[in-house]
Structure formats: C-alpha cells, structure tokens
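What follows is a short report on a single structure.
Since we're looking at a predicted model, the values are computed, not measured. All residue numbers in this chain count up from 1 along the given sequence.
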Amino acid sequence: MYNFFDYFTDIPKDQVFQNFSLEHIISITISFATIILCLILIKKLSPKKQNIFIKICAILVPILEISHNVWLYIVADAGILQLLSLHLCGLQMYFIPLAVFTNILVFKDFVFASSILGGFFATIFPSGVAGAYPIWHFQTIQTLIYHGLLIFVPIAIMLTTDYRPTLKRFHKVLGLFAIIVGIDLFVDLKFNQNYLFLVTSPDMPLLRNIQLNYGTFAYLIATFFALLFICVLIHLPFDLKKKFAKKKV
C-alpha cells in the first residue's frame, strides 16, 4: 500500500503506472476530453465570464506549480535549486499569468509557442511520473491538471479574444527563449541541474537514443530544430488564413 502524498521511493513498483499502459491511455483520454469540453463551455459564456474563467485558470497555474514544489520540499527534502521551475512547463507559472494579466504580445506569443506543446508532450510522455507513481497519486493528478491548463489557457485566449499568433513576431519568442536557455544552462552547469533537459534527455525513447548514440550536442541540436519545426507548423495556419483572407478582399 501507499499514501496519496508518498514520494516514489516509498511506493511499491507493482503499483505504479507505465507509459501507454491502459491506465495512462485512459488518463490521457479524460484529460483531452476535459480540455475540449471546457473550450466548448467557454465559447458559450459571455465575454465577461470568459475573461473571469481564463483569469482563474491563469491563477491556478502558479498555485499548482507552487503546491508541487512545496510537496517536493516536504517529502523529498528538495533544495531551492531543485525547485526553481525552470523547465519549459514550469516556466509557464510565470508566463501564463503575464500573458493573461498584462496583454503584452510577446508573452502571449511565448505561451502559444511553448505552453501547448509542453502540455501536450508532458501528458503523453510524463517523464518522472510514469514508472514512478500510481495514477491515483498527488504527483500524477497534479501533473495531468497542470499540463491540461497549459494546453487550455492559450487556446482559450485565441477562442475568446482577437489574439492570433504569427511568424512575423516569432523572432521575439526565439529571443526570449534564448535568454531562458542561457539562464537554465548557467544553473545546470553551475549547480549540477538538468533544467530544460540541457544535460540529460527526458524519458522519451527517440531523444534518449540520439543522446546515447550521437552525444549531447547532437541531441540538443536535433531537439531544437524539431521543436522549431513544430512551432513553425502551428503558426502557419494563422498566417495562411490571414493571407487568403486578404486575397479574397
């Protein structure tokens, strides 16, 4: 048996879930279905209620991340250096509230480019959770809800406002990302951490194999260009739609 808040070292291995096990697939399905239902719901609300809904979700993001850090501090005796929230998903505890409450475009663009992808991949490949925790556990449930919000909030912003991403502003996102990588790399090398997985790849077979077979530099280059390619792809429909709309006029 285990307790809901136990650290993975105290949980029997036969009680944890594995990547793409039936439990995991069901949890993915429930997560994405909930996101879709919430998006349908928010479209039916008045503009004022839509704004309140999104702001509540934006506030929940840092609350969930902080609750996770407090839990790690208590059960795992984690130090400050392990609790900086400098991973791509953890960074959203800063940028999602900034995007929602400041209306500054670069923050919205950064959230669109990174939050949806981070939330999606962390739900499909929950590194550090699968193989370590049961489905019914604080760590797993917090992970699913947190990353569900990372997907929901930027899409909800686009559904309820006139915000639209564009490749014309994407260079600003890359500039902000470069600053973040610089900070993370300094922390990783100076304090022996692995933020943004700049030292060791996450628990994803393809990335792990690239690093093992071709080295860390090749892994980082491959990961960067793969993410860049995906980011360009998710921006293209908005630019193409705008282009075709201009031609019709």
Side-chain angles (χ1 to χ4, degrees), residues 7-9 11 13 16-21 23-25 27-28 31-32 61 64-65 68-69 71-72 76 78 81-96 110-111 113-135 137-151 173 177-178 180-231 233-234:
Y7 194 50
F8 78 95
T9 53
I11 298 175
K13 291 300 179 185
V16 306
F17 78 96
Q18 303 296 330
N19 259 337
F20 302 115
S21 62
E23 291 174 303
H24 185 209
I25 292 172
S27 70
I28 292 172
S31 294
F32 289 152
V61 172
L64 282 168
E65 179 68 5
H68 179 252
N69 289 345
W71 171 74
L72 281 176
L81 289 172
Q82 287 82 44
L83 305 175
L84 294 178
S85 296
L86 291 176
H87 279 299
L88 190 61
C89 291
L91 286 163
Q92 306 307 329
M93 73 170 283
Y94 313 112
F95 287 105
I96 283 181
F110 182 81
V111 166
S114 60
S115 183
I116 298 174
L117 292 180
F120 178 81
F121 282 113
T123 301
I124 302 297
F125 301 101
S127 180
V129 181
Y133 294 95
I135 285 291
H137 187 278
F138 170 78
Q139 168 75 311
T140 307
I141 294 173
Q142 186 273 345
T143 296
L144 291 171
I145 296 175
Y146 182 81
H147 291 100
L149 286 171
L150 265 54
I151 298 170
V173 175
F177 183 68
I180 293 168
V181 169
I183 294 171
D184 279 29
L185 186 60
F186 172 79
V187 173
D188 287 349
L189 298 179
K190 180 72 174 179
F191 302 105
N192 193 30
Q193 300 300 310
N194 190 33
Y195 288 114
L196 282 184
F197 300 106
L198 296 175
V199 178
T200 303
S201 70
D203 187 19
M204 296 173 65
L206 177 60
L207 298 179
R208 184 63 54 84
N209 288 335
I210 291 174
Q211 185 173 27
L212 288 175
N213 293 321
Y214 302 103
T216 300
F217 183 73
Y219 146 70
L220 291 174
I221 293 296
T223 302
F224 172 76
F225 280 105
L227 291 175
L228 182 63
F229 178 71
I230 295 171
C231 282
L233 283 183
I234 64 175

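Contact record, Ile96 with Ser115: CD1-OG, 3.7 Å, taken as the closest heavy-atom pair. Scanning all heavy atoms of the two residues, the minimum distance from Leu83 to Tyr195 falls at N-OH, 3.5 Å. Looking at every heavy atom in both residues, Ile151 comes nearest to Gly119 through CD1-C, 3.7 Å. Gln211 and Ser201 make their closest contact through OE1-N, 2.9 Å (heavy atoms, listed as atom of the first residue, atom of the second, distance). Closest approach of Gln92 and Leu88 over heavy atoms only: NE2-O, 3.1 Å. Shortest non-hydrogen contact noted between Pro134 and Thr140 is O-OG1, 2.6 Å.
Taking the six-membered ring wherever Trp is involved, the centroid distance between the rings of Phe197 and His87 falls below 6.0 Å. Taking the six-membered ring for Trp and the full ring otherwise, the centers of Phe32 and Phe120 sit less than 6.0 Å from each other. Ring to ring, Tyr7 and Phe138 are not that close: their centroids are 6.0 angstrom or more apart.
Ring pair Phe177/Phe224 is parallel by interplanar angle, where below 30° counts as parallel and above 60° as perpendicular. Classification of the Trp71-His68 ring pair by plane angle, with boundaries at 30° and 60°, yields tilted.
Partner of Thr123 under the side chain to side chain contact (heavy atoms under 4.5 Å, CB included) criterion, out of Leu150, Ile28, Thr143: Ile28 alone.
A heavy-atom distance below 4.5 Å is not found between the side chains of His147 and Ser31. Between Leu196 and Leu86, the closest side-chain pair of non-hydrogen atoms is not below 4.5 Å. Between Leu84 and Phe191 the shortest side-chain heavy-atom distance does not fall below 4.5 Å. Residues Asp184 and Leu198 meet the side-chain proximity criterion, which asks for heavy atoms closer than 4.5 Å.
More than 12 heavy atoms of other shown residues, nucleotides or ligands fall within 6.0 angstrom of atom NZ in Lys13.
Judged by distance alone, the side chain of Tyr146 and the main-chain N or O of Cys89 form a donor-acceptor pair under 3.5 Å. A donor-acceptor pair under 3.5 Å is formed between the side chain of Tyr133 and the backbone N or O of Phe8. At distances below 3.5 Å, not a single donor-acceptor pair connects side-chain atoms of Glu23 with backbone N or O atoms of Ile135. Looking at Gln139, its side chain never comes within 3.5 Å of a backbone N or O of Val129 through a donor-acceptor pair.
Taken to the nearest 0.5 Å, the CZ atom of Phe217 stands 8.0 Å off from the CG atom of Leu220. Note: Leu207 CG to Thr200 OG1 = 12.0 Å, rounded to the nearest 0.5 Å. Taking CG of Asn192 as the reference point, atom CG of Leu81 lies at 10.0 Å (rounded to 0.5 Å). Taking OG of Ser85 as the start and CE of Met93 as the end, the distance is 5.0 Å to the nearest 0.5 Å.
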With side-chain contact (heavy atoms from CB on, under 4.5 Å) as the test, would you mind laying out the steps for Thr216 and Val199 before giving the verdict? CA-CA 7 Å; Thr216 300; Val199 178; over 6 Å; no

Test side-chain contact (heavy atoms from CB on, under 4.5 Å) on Ile221 and Tyr214 and set out the steps. CA-CA 11 Å; Ile221 293 296; Tyr214 302 103; over 6 Å; no

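Residues forming a side-chain contact (heavy atoms from CB on, under 4.5 Å) with Leu189 (at least two apart in sequence, or on another chain): Leu185.
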